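Working notes, structure below.
All chains are named by letter (A, B, ...) in the order of the sequence lines, taking the proteins before the strands, and each is independently numbered beginning at 1. Because the structure is predicted, anything quoted here is derived from the model rather than measured.
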There are 2 protein chains.
Amino acid sequence: MSETRPSSIRQIADRLGVSTATVSNALRGKGRVSPALTEQIRAEADRLSYVPDHTARALRTGKSNTVGLLVPNIGQPLFPTFAQAIERAAKQRGLAVLIGDSQGDPQQQDFEIRNMIARGVDALIVIPTRGTTVMPESVAVPVAVIDSAVTGGNVAASDHREGGRKIAQHLLALGHDKLLVLAGPENALVASERVGGICEIFRSAGIEPTLTHSDATFEAGCALGRELDVTRFTACAAAYDALAIGFALAVRERGCRIPADLSLTGFDDLMWAQIVSPPLTTVRQDLEAVAVHALSFVAGETSTSRIFPTELVVRQSTARPSAIAQGDTNAE
Amino acid sequence: MSETRPSSIRQIADRLGVSTATVSNALRGKGRVSPALTEQIRAEADRLSYVPDHTARALRTGKSNTVGLLVPNIGQPLFPTFAQAIERAAKQRGLAVLIGDSQGDPQQQDFEIRNMIARGVDALIVIPTRGTTVMPESVAVPVAVIDSAVTGGNVAASDHREGGRKIAQHLLALGHDKLLVLAGPENALVASERVGGICEIFRSAGIEPTLTHSDATFEAGCALGRELDVTRFTACAAAYDALAIGFALAVRERGCRIPADLSLTGFDDLMWAQIVSPPLTTVRQDLEAVAVHALSFVAGETSTSRIFPTELVVRQSTARPSAIAQGDTNAE
DNA sequence: CTGTTAGCGCTTTCAA
DNA sequence: TTGAAAGCGCTAACAG
């Protein structure tokens, strides 16, 4: 019921008989205003509980202190986590975040980019939808593309290939020699980097992994787990945790025990990875670092592209291939 | 490298020798402009790939077509899901969503509310942080509070109490008579509604459940699962899935089998609920409906508060209390 | 030190 | 049917 008609700089100026410019200066400590007057203005400002109008300021200065974050699909569990990291990094700079969801659709992605620019974001952080590239020079504001080291115009990303290598080395060290790779979508650069890293290591050990492509979802993992003949492999490496988890559930129903019959690894270290049984060996990205660098890039503080190391998280879904599973199996 | 200095209404006007007002009118189909001229203006506009400046328009009209969404903690898995529902509902109205995170801190919540208003949001959708209330009349824009039926000023919410009743009826029907309730935080209204519903039904069957309070997190669930003596109960109902899942993992380590030794239920139907083993019996909210109503409320289309029914999702974590678990137990 | 002036790009009376 | 003019609230020159 309060008459909260927001008060303007004008009101303060009028009540104190000074000009709006002086009020503006005083409040922002910009031009030189006498301490005494500054004090008075301050006092009056919060007597009126004055809050600067962001819109007007944005129009005048051309800066909105807002960044747009465009994710491919916020339904996939990694993206909220990532959005949170961006939020934190943005808040530290006094920036707000306008989020948009491409919903896996390149057209929608283009639309959102335009929309956000029209809404006056100062910069854009884009995780491109599969199979798309975002040309920074075609956009009117600084853009940080976050995807993979091999993505054109990429500004910050995890070293997915290195993550793949770590997984492979871990599996190899355990003694695995028949590897199935759930490679995810064919046109996802992130996935192909991960898979590339895995294959690289296995091939240099003289082993050729078997690849299967599919969506990156939990459901796709289930489907694969129901169809594939897992007895031919000692280990399975998935390009995404969601894929691995779906796969795990499906193969378990078919009597395949993890890790006794088959070792399994994922990628991303979703919260899920800890809670499935057995807990999943996976690779964790340093999302915080990626977010901070992306913000720093769009803020113009750096113009370098950075690739961040990943971390292997060993849990209970991987083990040595058991003699039992290899030879004298006789489980009911 | 392109000189993308965004073109304004002025440029179009100048090139065509008409006034800015006419251009504005033509482009929006408002005032009456001759079809011929309208056509010309349209053509010129997209020749210059004109995009209206949202900021200027917002300043002039006082509407930004942006809503603020304030969540208590976007790290908790339900909130991204909910944010997505809001996003969808907002997009249908041509609104963008500015998200903010209170991080569980009432002060932060206040700050964010002010901040969003200063940034010119037309409306606010607030899921209050535990123990706080948001007074709509103290805020300068329409606010939709989403929490629970008993929250002051609540505009849209699921019927958490009814959800609790459904859980209780299900458990009772199975024959459970010794119930442990993981009641979540004491000052969370949502949790107390859920728990209230559960207790209501059990009491009317002459059974007094045992309550334990804790955080609503996975970790808190683990801790409880390690500490509590579960042999005294036939079933455990948690106020949140995360709590239930943490609990499940911890009690399993102690040799308690679900549902053979103990039935377990959660609340929220997180994606997790399907993937844990055994899959969790839980209650699903209709987030989409809640989101749509909240948007419709802040758009001024309705002024009623609505409570939406929930759905019991029965999975494998609940079963009849087994004779074994009741009497002749002799597990080590 | 402080005030005046001139817009940012748009919409909206009000006249022509 | 069109145009001129007046701002929304703020900041950035430039004067005083």
Side-chain angles (χ1 to χ4, degrees), chain A residues 4-42 44-45 48-66 94 114 117-122 140-141, chain B residues 4-42 44-45 48-66 114-115 117-122 140-141:
Chain A
T4 322
R5 196 155 309 292
S7 48
S8 72
I9 217 177
R10 168 95 266 145
Q11 288 180 33
I12 303 179
D14 287 355
R15 297 171 85 113
L16 262 46
V18 299
S19 83
T20 62
T22 304
V23 174
S24 174
N25 285 333
L27 256 22
R28 293 173 310 141
K30 269 306 179 73
R32 288 137 315 196
V33 181
S34 70
L37 186 47
T38 301
E39 190 37 53
Q40 263 187 72
I41 292 176
R42 284 243 152 76
E44 189 62 18
L48 296 171
S49 62
Y50 165 76
V51 180
D53 180 326
H54 214 269
T55 311
R57 179 179 288 175
L59 179 58
R60 180 64 239 238
T61 61
K63 312 248 106 258
S64 63
N65 290 325
T66 304
R114 259 190 276 285
I117 289 174
R119 291 192 113 92
V121 298
D122 294 338
V141 300
Chain B
T4 323
R5 197 155 307 294
S7 49
S8 71
I9 217 176
R10 169 93 267 145
Q11 286 179 34
I12 303 180
D14 286 355
R15 296 172 82 114
L16 263 46
V18 300
S19 83
T20 61
T22 304
V23 175
S24 174
N25 284 333
L27 257 22
R28 293 173 312 140
K30 272 305 179 78
R32 287 139 315 198
V33 181
S34 70
L37 186 47
T38 301
E39 190 38 53
Q40 264 186 71
I41 291 176
R42 283 246 152 75
E44 189 63 17
L48 296 171
S49 63
Y50 166 77
V51 180
D53 181 326
H54 213 268
T55 312
R57 179 178 288 174
L59 178 58
R60 180 64 237 242
T61 62
K63 310 248 109 261
S64 64
N65 290 325
T66 304
R114 258 189 277 284
N115 187 262
I117 290 174
R119 292 191 111 93
V121 298
D122 294 337
V141 299

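In terms of phosphate contacts, A/Arg28 brings a side-chain nitrogen or oxygen within less than 4.0 Å of OP1 or OP2 of D/dA12. Dashed line: the shortest gap from a side-chain N or O of A/Arg10 to OP1 or OP2 of D/dG9 is not under 4.0 Å. Contact annotation: B/Ser24 does not reach the phosphate of C/dC10 (side-chain N/O to OP1 or OP2, under 4.0 Å). The side chain of A/Thr61 contributes no N or O atom lying less than 4.0 Å from OP1 or OP2 of D/dT11. The phosphate of D/dT2 has OP1 or OP2 within less than 4.0 Å of a side-chain N or O from B/Ser34.
The residues A/Asp14 and A/Arg10 are annotated as salt-bridged, a charged nitrogen and a carboxylate oxygen being separated by less than 4.0 angstrom.
Two residues are said to be in side-chain contact when any heavy atoms from C-beta on lie closer than 4.5 Å; A/Leu48 and A/Arg15 meet this criterion. In this structure, the side chains of A/Leu37 and A/Val18 come closer than 4.5 Å at one or more pairs of heavy atoms. By the 4.5 Å heavy-atom criterion applied to side chains, B/Tyr50 and B/Leu27 are counted as neighbours.
Counting only heavy atoms from C-beta on, B/Asp53 has its side chain closest to C/dC10 among C/dC10, D/dC10, C/dT12. Among C/dT2, C/dC8, D/dT11, the nucleotide with an atom closest to any side-chain atom of A/Leu59 is C/dC8. For A/Ser8, taking side-chain heavy atoms from C-beta onward, the closest of the listed nucleotides C/dT12, D/dC10, D/dA4 is D/dC10.
When the P atom of C/dG9 is taken as reference, atom CD1 of B/Ile12 falls 13 Å away, rounded to whole Å. Atom C1' of nucleotide D/dC8 and atom NZ of B/Lys63 are separated by 14 Å, given to the nearest angstrom. Atom CZ in B/Arg119 sits roughly 19 Å away from atom P in D/dG9 (whole-Å rounding). For the pair A/Leu37 CG and C/dG3 P, the computed distance is 7 Å after rounding to whole Å. Atom CZ in A/Arg60 sits about 10 Å away from atom P in C/dG9, given to the nearest Å. Going from atom CZ of B/Arg57 over to atom C1' of C/dC8 covers 16 Å, rounded to whole Å. Spacing between atom CG of B/Asp14 and atom P of D/dA4 amounts to 11 Å, rounded to whole angstrom units. The separation between A/Asn25 atom CG and C/dG3 atom P is 10 Å, rounded to whole Å.
Counting any heavy atom pair closer than 4.0 Å across all strands shown, B/Arg32 reaches a base atom. Among the protein residues, A/Thr20 comes within range of the nucleic acid bases, having at least one heavy atom under 4.0 Å from a base atom. The residue A/Gly120 sits apart from the nucleic acid: no heavy atom pair falls under 4.0 Å.
A donor-acceptor distance shorter than 3.5 angstrom exists from the side chain of A/Asp122 to the backbone of A/Ser64, with no hydrogens or angles considered.
Summary of the strand contacts: B/Ala21 and B/Ala56 both lie near DNA chain D, and taking for each the nucleotide with the nearest heavy atom, the more 5' one is attributed to B/Ala21.
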